[in-house]
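Here the structure comes first, spelled out in structure tokens, and everything after it is commentary.
Because only heavy atoms are used, hydrogens play no part in the values below, and waters and symmetry mates are left out as well, while side chains stay in.
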Amino acid sequence: MNTSLAVLGLSGGELIVVLVAILVLFGAKKIPEFAKGLGQGIKEFKKASSDVTNEFHNALNQETPPAPPSVKPPVTTETAAANPPSTVPKA
């Protein structure tokens, strides 16, 4: 069996019948328009796919920046008097 004609399990004769049916249904003028739109769609899909892949690789290759140090507010006498330190009872 010729593998170049074995598209989706169709033999040569079946493939020709399908192509003729498509030609009759859509006409010779519409088929190039469909092919052009399909080609543009595939091109856009490949571009978006490569953009996502590149973004993913860039995110993995970047070093994570160090976390900023946590800054505690200064303790004033007013806050110390209002919030006395809690004591934990010993068991």
- Task: Report yes if the side chains of F34 and L38 come closer than 4.5 Å at any heavy-atom pair, otherwise no.
- Result: no
- Note on the structure: In this structure, CG of N54 is separated from CG of N61 (nearest 0.5 Å) by 10.5 Å
- Task: Using atom types as modelled and distance alone, determine if a side-chain donor or acceptor of S49 lies under 3.5 Å from a backbone N or O of F45.
- Result: no
- Query: Is there any salt bridge (charged side-chain N to carboxylate O under 4.0 Å, His left out) pair reaching into residues 48-58, and which pairs are they, with sequence neighbours excluded?
  - Reply: K47-D51
- Message: Quick one: does any side-chain atom of E33 pair with a main-chain N or O of K30 as donor and acceptor, under 3.5 Å?
- Response: no
- How many angstroms lie between atom CD1 of I31 and atom CD1 of I22, to the nearest 0.5 angstrom? 7.0 Å
- Query: Any chain of hydrophobic side-chain contacts (each under 4.5 Å) joining F26 to V24?
  - Reply: no
